[in-house]
2 protein chains.
Amino acid sequence: MPNPSDNLERQIERRLAEQQVRLTSGRRVVIAALAAGDGPRSVAEIHRRIRRRVPLSSLYRTLAVLEAAGVIALHHSSKGITRYELADWLRGHHHHLLCIECGGVDDIEIPPSLEKDLRHIVSRVGVGANFHPTDHALEIAGLCAKCT
Amino acid sequence: MPNPSDNLERQIERRLAEQQVRLTSGRRVVIAALAAGDGPRSVAEIHRRIRRRVPLSSLYRTLAVLEAAGVIALHHSSKGITRYELADWLRGHHHHLLCIECGGVDDIEIPPSLEKDLRHIVSRVGVGANFHPTDHALEIAGLCAKCT
DNA sequence: TTCCTTGCAAACGATTTGCATTGGA
DNA sequence: TCCAATGCAAATCGTTTGCAAGGAA
């Protein structure tokens, strides 16, 4: 039985090969840590999760390489903390829930009908502002289930 | 004829007085710099704009105080740059346009009907995710008029 | 072999803090 | 007056880089 994350890894392998970027063991470790999460992770969180098997400097370089290759994407949230997550084409278009109590960030996929409405809003705003939208993100702040 | 920014300053004075926070000359300078902009400003931009009359360390402290008092709000955008702007209750609820070419960030107010649709989406997403929304932000990335 | 990648340590830029001084309510 | 706010310099934090050593094509 095919494991969906096997498939994910194969997609990433193909992408990196196309871009002539080597998939080394350290890079695999970092990708696995990001794939395991259900939201964007900070560099410090990734570092902790992989139990420091990849030194910080290499971790930063790895993240930069993967971002340039389009495998992961940056997310900017509270307190100037930079977070990374798998790119949309790997994990699907989604939005974020930011808890104002615990500071956590979670991914959320919204139903197609709502996503359609949202795209409609974005395109109308773009026309009105003489701006050409290529992407959008809805960030919802509030209290998560745990902190309610 | 009353100047709208006089009114703004009075609102801020009242708010700070309520919170027993002193409105010193340095803080006035910083607030004026933020009120003059039409989008969130980075610390470096503010520092330049006030011609270094407030040293960096004091500027950081001032921004922290104003944020705690609810007069200004943080905004997180590309490259881990932290930006500040007047709080929503002072400048009205709005969203952001992020240019992927020049890195600029601009404020945009969207028409009430679209804002209503957006609130509707947010509340439906919240219910579905067992999350209690208190605020939302639509960040639209793309090409600004200048960079098209 | 030939580059690319890694690890370490040092460098860097942004932000924070300690402390003595100044200034506002 | 009296405590909060300021300015400076030093400390700290997250991130980047130079360089020599290790590893994959």
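Chain letters run A, B, ... following the sequence lines, proteins first and then strands; every chain starts at 1.
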Trainee: Could you check Glu139(A) against His75(A) for side-chain hydrogen bond (donor to acceptor under 3.5 Å, both in side chains), going step by step and ending with a plain yes or no?
Mentor: CA-CA 11 Å; Glu139(A) 309 274 312; His75(A) 174 255; 3.1 Å; yes

Trainee: What I want to find out is whether Glu13(B) reaches Arg28(B) closely enough, with some N-O distance under 4.0 Å, to be called a salt bridge.
Mentor: yes

Trainee: Does the side chain of His96(B) come under 3.5 Å of the side chain of Asp106(B) through a donor N or O and an acceptor N or O?
Mentor: no

Trainee: How long is the line joining NE2 of His47(B) and P of dC8(D), in whole Å?
Mentor: 10 Å

Trainee: Expressed as a whole number of angstroms, how long is the span from Arg28(A):CZ to dA24(D):P?
Mentor: 11 Å

Trainee: If the cut-off is 4.0 Å, is Thr82(A) near the phosphate of dT15(D), judged by side-chain N/O to OP1 or OP2?
Mentor: yes

Trainee: Specify the separation, in whole Å, of atom CG of Leu56(B) and atom C1' of dA11(D).
Mentor: 16 Å

Trainee: Could you tell me how far apart Arg83(A) (CZ) and dG14(D) (C1') are, to the nearest whole angstrom?
Mentor: 14 Å

Trainee: What pairs with His136(B) under ring pair (Phe, Tyr, Trp, His ring centres under 6.0 Å), at least two apart in sequence or on another chain?
Mentor: His93(B), His95(B)

Trainee: Could you give the distance from CG (Leu118(A)) to CD1 (Ile110(A)), rounded to the nearest 0.5 Å?
Mentor: 5.0 Å

Trainee: Write down the distance between CZ (Arg27(B)) and P (dA4(D)), rounded to a whole number of angstrom.
Mentor: 11 Å

Trainee: List, with names and distances, any nitrogen or oxygen atoms from the protein found under 3.5 Å away from nitrogen or oxygen atoms belonging to nucleotides 18-25 of chain C.
Mentor:
| unit_1 | atom_1 | unit_2 | atom_2 | d |
| --- | --- | --- | --- | --- |
| dG18(C) | O6 | Arg61(B) | NH1 | 3.4 |
| dG18(C) | O6 | Arg61(B) | NH2 | 3.1 |
| dG23(C) | N2 | Arg22(B) | NH1 | 3.2 |

Trainee: Roughly how many Å is it from CG in Leu59(B) to P in dA5(D), rounded to a whole number?
Mentor: 15 Å

Trainee: Return the value, rounded to whole Å, for the distance between atom CG of Leu16(B) and atom C1' of dA4(D).
Mentor: 14 Å

Trainee: Starting from P on dC12(C), measure out to OH on Tyr60(A) and report it in whole angstrom.
Mentor: 18 Å

Trainee: Could you go through His94(A) and Glu85(A), starting from their C-alpha distance and side-chain angles, then the distance that decides it, and tell me whether this counts as side-chain hydrogen bond (donor to acceptor under 3.5 Å, both in side chains)?
Mentor: CA-CA 11 Å; His94(A) 61 279; Glu85(A) 62 185 345; 3.2 Å; yes

